[in-house]
Amino acid sequence: MTIEQINDAIRKAIIGSSRAAFGIEPTQIAAEIPPKPELGDVAFPVAFELAKAIKNASGEKKNPRDIAVALVNGVSAVPGVGNVEIAGAGYLNVFYERGQFLAANAAAEPLPRQDAKGEATASKVCVEHTSVNPNKAAHIGHVRNSVLGDTFARILRASGKTVEIQNYIDNTGVQVADVVVGFIYIEGRDLEAIKALDEELKAAGRTFDYYCWDLYTQVGQAYLSDDELKAKRSEVLHLIEEGGNKTAELADYVATRNVECITETMERLGIRYDLLPRESEILHLHFWDKAFEQMKRLGVIHYVADGKQAGCWVMPFEEHTGTDEHETDKILVRSNGTVTYTGKDIAYQMWKLGILGLDFNYRPFYRYSDGKEVWITALEPGHDGPLPRFGGGEVIYNVIDTRQSYPQEIVKKGVAAISPERGEQASVHLAYEMVALSPAAAEELGFELSDEDRKRPFIEMSGRKGLGVKADDLIDRLEANAEIEVEARHPNAEPDVRRAIAHQIAVGALRYFLLKFTRNTVIVFDFKEALSFEGETGCFCQYSAVRANSIFRKLEETGETVQQNRQKITGSDLTDILSDPGNVDIWTMALTSLRLDEAVTQAANAAEPAILAKYTFNLAKTFNLFYHHHKILGEPDELKRATLIVVADLARRSLTAALATLGIEVPERM
RNA sequence: GCUCCCGUAGCUCAGCCGGAUAGAGCAACAGCCUUCUAAGCUGUGGGCCGCAGGUUCGAGUCCUGCCGGGGGCGCCA
């Protein structure tokens, strides 16, 4: 009997009682968690809804408390329900049959796979995230994107979905072109010279993406005063897009090396991909032509003969204005015949949904330490052996920052116009606010600010200016700080072990830091807060789990098992223990642990990983309280000891599963 | 100009479909290690939920207006 099953049974009872007493069936019955555990395990504010419905139906004004009275008996009769109280202005507060409930759920999986419910086909969804321009190292803003996307994918998997993760590589865009301009026209290097440089960097312990970061900044600065250099940009861009020439070959090397570097950075954080679709293939495999043809045929876009947009192919896009509605058309094909980014994006989105009628070729790109392979798109078939099936997702989630809401809206509308049966709900823009720097953090990074900038609430990061906190730098700092702490606590541990633990702590700190904010909150990056291991942090949650595990390590040393303790409790024998007011925290611990499934569902429905992060923190906090109040293994009363062990076991399993869903591991010790 | 988001404790943020006495963390102050790990725990102080109307039995939450901050509105990506 899970929480959800009991609550559903209660809902049915309420509907029955309500129909009998008032001739009205409430449609949606909300269940909420009472503000204090003493008030109950679950509360139904349904009497308020009913009061309104009765008034609307018959004009009769009824007191919500009286309505609640009419529902009590039905709810009390539901199996698993212990006690029902009417509280406040008319809340129906339900207490579960606690002992029975605990005994029944003692061995329950914290995250039951929900696809086991009997869905006929396991539908696949795609999540696109990261998508960093492959011309420089990733910074903290990119990491927010990746952590959000990766965690959301884990949440979807935890709720039973099959998920494919894509990282789009814009290898033929202006940003790559800029770095190529730098290599060729500032540094005078050809492909061989860049390869040699790459080797030199490797030997010196430096990375290619960091080098490109600086070069990109240099190019950005040079453009400001050097018009000749700036003219090279479009020339280079054109050559890269066209392909099959020396410049394109050089650009491909630069982009590929950056993708490798970024893949390694993300792997440090436990972020992995299934496929890297590249813009060059979208171009050369004529995805756009195919999409264009369909859009023309379906009349989704039209040619503009005269006026401001003469010679362009445009898609009508309605914009809502205050009073009168006017149409602005989004240009997909320029008058010179080239396709805009949005146009290419529509073709790509169609492929993701499986409605384009074309596919990429593929080859393995990178192998992770455990052997899992990341695939990349390719021009030619070439690859022998079995090929995974990519794309064709039921729903496509695009993790892209909120500044791109407008073009994403066009992509969604465009695709829906091409395939009305799939509609707009097949494309989800998972929007999030940017990570910016506090003026103090920018100065800490060595940037000179104007007086005007200093007064601003935050400063936007800029790859062009080289202004940003590089991901690897931050992870390095976190690891170094964590290692100092680990060393202080475990001076006898092997250096390898210490480093491994420090790494897990660093990842936990960074991921949690980025996940505790809701998506539409601008994160103003602050070093002190990001580097903290105390309070509401990943480390706090890990620490609780480590403590919990140490209880069971000690238990196992005595040869005792959790299963033996589960068998010691039957349910009805726990009434005395659980009804003791001094033991409310035992029950709260159990109930909080068993709500993980609910937290994951909420996070998935709202597409908001922060919900799960908050739940995990709350779970860890609840455990610390429980741990502090009870001597678990030292408890003299046998039945109470068994209860404490069973509940602590529920807590550590939920905590571990919750953290894993956030992409955070539990260290051996801390 | 049009449009979207934000404004909650000194600071950084939660607050579910409108519901019970508005919650965390940090910072400040006072305590707690003979114990299953003190990266922890307990306590104290701190609030015109930007302002003004409205809807409602009930508003931090919904509606309107205003003020303040940020984003987006390209034949860039």
Side-chain angles (χ1 to χ4, degrees), chain A residues 28 30 32-36 39 43 45 48-49 51-52 55 61 63-64 87-91 93 133 170 173-175 279 308-314 319-323 326 328 330-342 344-345 401-407 431 433-434 436 456-458 460 482 485-486 488-490 505 509 516-518 520-524 526 528-529 532-537 539-540 542-544 546-555 602 605-606 608 610-611 613-614 617-618 620-621 624-625 627-634 644 648 669-670:
Chain A
Q28 275 198 320
E32 43 187 66
I33 300 173
K36 282 185 171 186
L39 291 169
F48 303 108
E49 298 285 329
K52 196 174 284 177
K55 196 178 135 196
K61 266 194 176 179
N63 185 335
Y91 281 94
N93 286 350
N133 269 300
D170 185 4
V174 275
Q175 293 214 24
E279 187 176 71
K308 223 172 133 187
Q309 301 180 330
C312 298
W313 284 88
V314 302
E319 253 186 342
H320 303 287
T321 58
T323 47
H326 74 276
T328 8
K330 176 63 193 172
I331 293 165
L332 298 186
V333 180
R334 304 181 186 103
S335 55
N336 68 6
T338 57
V339 190
T340 63
Y341 182 83
T342 307
K344 284 181 266 187
D345 220 14
D401 87 78
T402 183
R403 285 172 288 193
Q404 295 204 43
S405 293
Y406 173 70
E433 278 288 354
M434 64 175 143
R456 296 171 68 86
F458 56 79
E460 203 173 328
E485 299 290 327
V486 174
R489 290 170 171 80
H490 303 284
I505 292 169
K516 72 175 174 180
F517 299 93
T518 52
N520 59 5
T521 299
V522 176
I523 299 180
V524 181
D526 177 74
K528 186 176 163 290
E529 211 188 329
S532 171
F533 294 140
E534 284 166 22
E536 195 194 340
T537 62
C539 185
F540 176 98
Q542 287 172 316
Y543 187 63
S544 296
V546 167
R547 284 167 128 188
N549 285 337
S550 68
I551 296 170
F552 292 93
R553 190 163 40 234
K554 201 172 169 187
L555 184 78
Q602 271 183 33
N605 290 342
E608 182 55 272
I611 293 173
K614 292 282 174 195
F617 173 63
N618 186 43
K621 217 166 41 163
N624 282 344
L625 196 68
Y627 180 88
H628 191 253
H629 278 6
H630 302 282
K631 257 186 268 181
I632 294 160
L633 297 179
L644 290 170
R669 54 190 148 162
M670 282 176 79

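Remark: B:G47 base-pairs with no nucleotide in the shown strands. Criterion, Watson-Crick or G-U wobble with two distances under 3.5 Å. Remark: B:C73 base-pairs with B:G1; criterion is Watson-Crick or G-U wobble with both hydrogen-bond distances under 3.5 Å. Checking B:G60 for Watson-Crick or G-U wobble geometry (two distances, each under 3.5 Å) identifies no partner in any strand. Partner assigned to B:U34 is none, using Watson-Crick or G-U wobble distances below 3.5 angstrom. Pairing for B:C26 is with B:G10, a Watson-Crick or G-U wobble pair whose two hydrogen-bonding atom distances lie under 3.5 Å.
Using atom P as the reference point in both B:C73 and B:G60, the two lie 36 Å apart (nearest Å). For the P atoms, the distance from B:A14 to B:C62 is 15 Å, rounded to whole Å. Taking atom P in both B:G10 and B:G50, one finds a spacing of 13 Å when rounded to whole Å. Atom C1' of B:C26 sits at a distance of 15 Å from the matching atom of B:G45, rounded to the whole Å. Taking the P atom of each, B:U34 and B:G23 are spaced 35 Å apart, rounded to whole Å. With C1' as the reference atom, B:G70 and B:A22 are 26 Å apart, rounded to whole Å.
Counting any heavy atom pair closer than 4.0 Å across all strands shown, A:P64 reaches no nucleic acid atom. Base contact: A:R669 has a heavy atom under 4.0 Å from a base atom. No engagement by A:A606 is indicated, since no non-hydrogen atom pair under 4.0 Å with the nucleic acid exists. Across all strands, A:K308 comes closer than 4.0 Å to base atoms (heavy-atom distances). Nucleic acid contact for A:A548: none, since no nucleic acid atom lies under 4.0 Å from a heavy atom of the residue. Within 4.0 Å of A:V546, counting heavy atoms only, lies at least one base atom of the nucleic acid. Residue contacts shown for A:P457 are limited to sugar-phosphate atoms, with no base heavy atom under 4.0 Å away. The residue A:V314 sits apart from the nucleic acid: no heavy atom pair falls under 4.0 Å. Residue A:K631 is in base contact, counting any heavy-atom pair closer than 4.0 Å across all strands shown. Across all strands shown, A:F540 has heavy atoms under 4.0 Å from sugar-phosphate atoms exclusively, and none from any base. Nucleic acid contact for A:E534: sugar-phosphate only, since backbone atoms but no base atoms lie under 4.0 Å from a heavy atom of the residue. If you check every strand for non-hydrogen atoms under 4.0 Å, A:I33 touches nothing.
The side-chain heavy atoms of A:V314 and A:K330, taken from C-beta on, include no pair separated by under 4.5 Å. Counting heavy atoms from C-beta outward, A:F517 and A:E433 have side chains that stay 4.5 Å or more apart.
No hydrogens or angles were tested; on distance alone, a donor-acceptor pair under 3.5 Å links the side chain of A:S335 to the base of B:C75. Side-chain atoms of A:N618 stay outside donor-acceptor range of the base of B:A14, with no qualifying N/O pair under 3.5 Å. Put simply, the side chain of A:K330 and the base of B:G74 share no donor and acceptor less than 3.5 Å apart.
Nucleotide B:U37 holds its C1' atom 15 Å from the CZ atom of A:F552, rounded to whole Å. Protein atom NZ of A:K52 is 10 Å distant from nucleotide atom P of B:U56, rounded to whole Å. Put simply, NE2 on A:H628 is 11 Å from C1' on B:U35, counting in whole angstrom units. For the pair A:I331 CD1 and B:C73 P, the computed distance is 14 Å after rounding to whole Å. Separating the CD atom of A:E536 from the P atom of B:A24 is a distance of 12 Å, rounded to the nearest angstrom. In this structure, CE of A:M434 is placed 6 Å from P of B:G71, rounded to the nearest angstrom. Whole-Å rounding puts the A:I551 CD1 to B:U35 P distance at 16 Å. Between A:Q602 atom CD and B:A14 atom P there is a gap of 16 Å when expressed in whole angstrom units.
Under 4.0 angstrom from either OP1 or OP2 of B:A39 there lies at least one side-chain N or O belonging to A:R489. The phosphate of B:C41 has OP1 or OP2 within less than 4.0 Å of a side-chain N or O from A:N624. Taking side-chain N and O atoms only, A:R403 has no distance below 4.0 Å to OP1 or OP2 of B:C4. In terms of phosphate contacts, A:K55 brings a side-chain nitrogen or oxygen within less than 4.0 Å of OP1 or OP2 of B:C57. At B:C75, none of the side-chain N or O atoms of A:N336 fall inside 4.0 Å of OP1 or OP2 (strictly under the cut-off). Side-chain N/O atoms of A:T518 include one lying less than 4.0 angstrom from OP1 or OP2 on B:A14. Checking the phosphate oxygens (OP1, OP2) of B:U37, no side-chain nitrogen or oxygen of A:R553 falls inside 4.0 Å.
Glycosidic conformation of B:C62: anti, with the torsion beyond 90° of 0.
If A:C539 and A:Q404 are placed on RNA chain B by their nearest nucleotide, the residue sitting closer to the 5' end is A:C539.
Using modelled atom types, one side-chain atom of A:S405 and one backbone atom of A:T402 make a donor-acceptor pair closer than 3.5 Å. In terms of modelled atom types and a separation under 3.5 Å, the side chain of A:T340 and the main chain of A:I331 share a donor-acceptor contact. Side chain of A:N93 to backbone of A:L39: a donor-acceptor contact under 3.5 angstrom is found.
Note that the CD1 atom of A:I632 and the OH atom of A:Y627 stand 7.5 Å from one another [nearest 0.5 Å]. For the atom pair OH of A:Y406 and CD of A:Q404, the computed distance is 13.0 Å after rounding to the nearest 0.5 Å.
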Does the salt bridge (charged side-chain N to carboxylate O under 4.0 Å, His left out) test come out yes or no for A:R403 and A:D401, once each step is laid out? CA-CA 6 Å; A:R403 285 172 288 193; A:D401 87 78; 2.8 Å; yes
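Between the side chains of A:R669 and A:N549, no donor-acceptor pair is found at a separation under 3.5 Å.
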